[in-house]
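Worksheet: one structure, shown below.
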Amino acid sequence: MSALRPGDITDEMIQAMDAAKRQGLQKDLRVLAANIRADAEGRYDSAEPGWRAGVEWTLLWIENAAGQLTEGRPDAVGGRQGVSPE
């Protein structure tokens, strides 16, 4: 088997790899959100009011981050664009 040379990896291959990474991360984020949502159900009634707001904000942030991954903008994931804790 021969070794890969620098010219063997095309831009299309790199783009496909990046897309696969974004899709995998998006799936992981959505599973995380579903787990948080399931764990939080039934706890809202006995929790302090700020706790529910915190859970809701966290779920919105995760969904926002996952949505940005499908739009092909992984550089925006680290920010808090579109979601405010207030």
Partner set under side chain to side chain contact (heavy atoms under 4.5 Å, CB included) for N35, not counting sequence neighbours: V31
Counterpart residues, side chain to side chain contact (heavy atoms under 4.5 Å, CB included), relative to D28 (two or more places apart): none
D11 CG to D18 CG distance, which is reported to the nearest 0.5 Å: 10.5 Å
Q26 side chain to A66 backbone, donor-acceptor under 3.5 Å: yes
Straight-line distance of E56 CD to R37 CZ, nearest 0.5 Å: 8.5 Å
For D39, salt bridge (Lys or Arg N to Asp or Glu O under 4.0 Å) partners two or more places apart: none
Heavy-atom pair with the smallest gap, counting every atom of A65 and L29: CB-CD1, 4.1 Å
Results of side chain to side chain contact (heavy atoms under 4.5 Å, CB included) for E63 - residues two or more places apart only: R30, A33
Set of residues satisfying side chain to side chain contact (heavy atoms under 4.5 Å, CB included) with respect to I36, sequence neighbours excluded: L32, V55, T58, L59, I62
